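Please read these numbers as outputs of a predicted model, since none were measured by experiment.
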Amino acid sequence: MVGFKNRYMVLEIFLDPNKDLMVDDPVIVTQFNVAKAIKDSILINFGECGLASSLGSFQVKYVNPITKLCMVRTSREDYQKVWCAITMVSSIGNCPALFNLLDLSGSIKACRKAALSCEEAKFAQYKLLKGGQVTDELNRQMQNCFERIKVLEH
C-alpha cells in the first residue's frame with residue numbers, strides 16, 4: 001500500500017512596511033490568518049471545485065509571527081494550484097502581503113531542515129536589525145519556535 005503523497009512549502013511572508021497600522025488593529029500573522037488568505041485566493045482563482053479538491057490535505061503546519069516564516073502542506077496533485085494561489089494572495093487581514101517560496105519538499109523531514117536553517121538566518125538578521133537589543137522574552141519565543149519545528153509531523 002502506498003502512503004498519501006504530500007508536498008511541503010516553506011514560505012516567507014512580507015507585510016507592507018509602509019502601511020500605517022493602527023495601534024488597536026495590528027496584523028498578527030497566525031496559522032488561521034495565513035490559511036484563510038490562501039483559501040480565499042484558491043476560491044477566487046479556481047472556484048469552489050478547486051477549493052474543495054485542495055482542502056483534502058491542505059494545512060498550514062507552522063507560522064512564526066516574529067520572522068514571518070510559515071510551512072504549508074498540500075497534496076502532490078494540488079501543490080501547483082495551491083502554489084499559484086499563494087502567489088496571488090494580496091493581503092492578510094487588511095494588510096497588504098506577499099509570499100516568497102523558499103523551499104518545496106516531498107517530505108516533512110526535508111522541509112523541517114530547510115525551515116530551521118531559514119529561521120536561524122532570519123532571526124540572526126532580526127537581531128542585527130535591532131542592534132543586539134533583543135529581550136530574553138523574544139529569545140524564549142524563538143527557542144519555542146525552533147522546538148515546534150523540530151516536533152512537526154504529518
Side-chain angles (χ1 to χ4, degrees), residues 1-17 26-130 134 138-154:
M1 183 175 155
V2 176
F4 191 73
K5 303 289 185 176
N6 289 310
R7 290 291 177 257
Y8 298 89
M9 295 179 247
V10 178
L11 302 159
E12 184 177 26
I13 303 169
F14 294 106
L15 296 176
D16 185 13
V27 174
I28 299 172
V29 179
T30 63
Q31 287 179 317
F32 176 77
N33 292 344
V34 172
K36 182 174 180 355
I38 295 170
K39 288 176 186 177
D40 289 347
S41 180
I42 294 171
L43 180 63
I44 290 168
N45 295 296
F46 297 100
E48 291 177 0
C49 186
L51 178 62
S53 69
S54 300
L55 289 181
S57 68
F58 176 79
Q59 184 181 14
V60 177
K61 298 289 282 180
Y62 168 81
V63 173
N64 186 334
I66 299 166
T67 59
K68 310 288 190 281
L69 205 73
C70 68
M71 289 173 43
V72 174
R73 179 189 74 190
T74 187
S75 68
R76 185 170 66 177
E77 292 79 25
D78 293 321
Y79 86 92
Q80 290 176 325
K81 183 188 324 172
V82 173
W83 184 6
C84 181
I86 288 170
T87 62
M88 293 186 229
V89 169
S90 60
S91 65
I92 296 176
N94 293 328
C95 185
L98 296 171
F99 285 85
N100 180 30
L101 181 71
L102 299 175
D103 187 63
L104 176 67
S105 302
S107 70
I108 189 99
K109 187 176 182 179
C111 187
R112 276 194 314 232
K113 185 177 177 182
L116 273 173
S117 65
C118 290
E119 282 282 30
E120 290 168 355
K122 285 187 70 73
F123 189 57
Q125 181 183 20
Y126 182 81
K127 286 196 281 190
L128 287 174
L129 185 68
K130 293 293 182 181
V134 178
L138 191 62
N139 278 324
R140 276 193 297 278
Q141 287 177 355
M142 282 305 298
Q143 288 303 320
N144 289 341
C145 290
F146 292 149
E147 294 302 318
R148 280 195 339 229
I149 290 175
K150 291 176 184 175
V151 298
L152 281 176
E153 295 194 19
H154 296 282

Could you check whether any side-chain heavy atom of [X] comes within less than 4.5 Å of a side-chain heavy atom of [Y], counting everything from C-beta outward?
| X | Y | answer |
| --- | --- | --- |
| Thr74 | Asn6 | no |
| Trp83 | Leu104 | yes |
| Val82 | Ile42 | yes |
| Lys61 | Val72 | no |
| Cys111 | Val10 | yes |

Checking side-chain contact (heavy atoms from CB on, under 4.5 Å) between Met71 and each of Val63, Val60, Ile108, which is the one that passes? Ile108

Heavy-atom closest pair, residues [X] and [Y]:
| X | Y | answer |
| --- | --- | --- |
| Tyr62 | Gln31 | N-NE2, 3.4 Å |
| Cys70 | Phe99 | SG-CE2, 4.3 Å |
| Leu69 | Ala115 | CD2-O, 3.8 Å |

May I ask you to decide if Ser41's main-chain N or O and Asn45's side chain share a donor-acceptor pair within less than 3.5 Å? yes

Please answer whether the main-chain N or O of Arg73 pairs with a side-chain N or O of Arg7 as donor and acceptor at a distance below 3.5 Å. no

Pairs in or reaching into residues 90-103: which pass salt bridge (charged side-chain N to carboxylate O under 4.0 Å, His left out), with residues at least two apart or in two chains? none

Can you list everything that forms a side-chain contact (heavy atoms from CB on, under 4.5 Å) with Ala110? Sequence neighbours excluded, please. Ser105, Ser107

Residues at least two apart in sequence or cross-chain that pass side-chain contact (heavy atoms from CB on, under 4.5 Å) with Leu43, listed by chain then number, are Glu48, Leu51

Enclosure of Phe14 CZ (heavy-atom neighbours >12, cutoff 6.0 Å): yes

Interatomic distance, [X] atom [atom1] to [Y] atom [atom2] [nearest 0.5 angstrom]:
| X | Y | atom1 | atom2 | value |
| --- | --- | --- | --- | --- |
| Asp78 | Phe58 | CG | CZ | 11.0 Å |
| Asn100 | Leu98 | CG | CG | 9.0 Å |
| Tyr79 | Lys5 | OH | NZ | 14.0 Å |
| Lys109 | Tyr8 | NZ | OH | 13.5 Å |

Residues that Asp40 engages under salt bridge (Lys or Arg N to Asp or Glu O under 4.0 Å), provided they are two or more places apart: Lys36

Taken in chain and number order and not counting sequence neighbours, the residues that satisfy salt bridge (Lys or Arg N to Asp or Glu O under 4.0 Å) with Glu12 are Lys122

Who passes side chain to side chain donor-acceptor pair (under 3.5 Å) against [X], sequence neighbours left out?
| X | answer |
| --- | --- |
| Ser54 | none |
| Lys68 | none |
| Thr67 | Asn64, Glu119 |
| Ser53 | Lys81 |

Side-chain donor/acceptor pairs under 3.5 Å, residues 85-93, sequence neighbours excluded:
residue	atom	partner	partner atom	Å
Thr87	OG1	Cys84	O	2.6

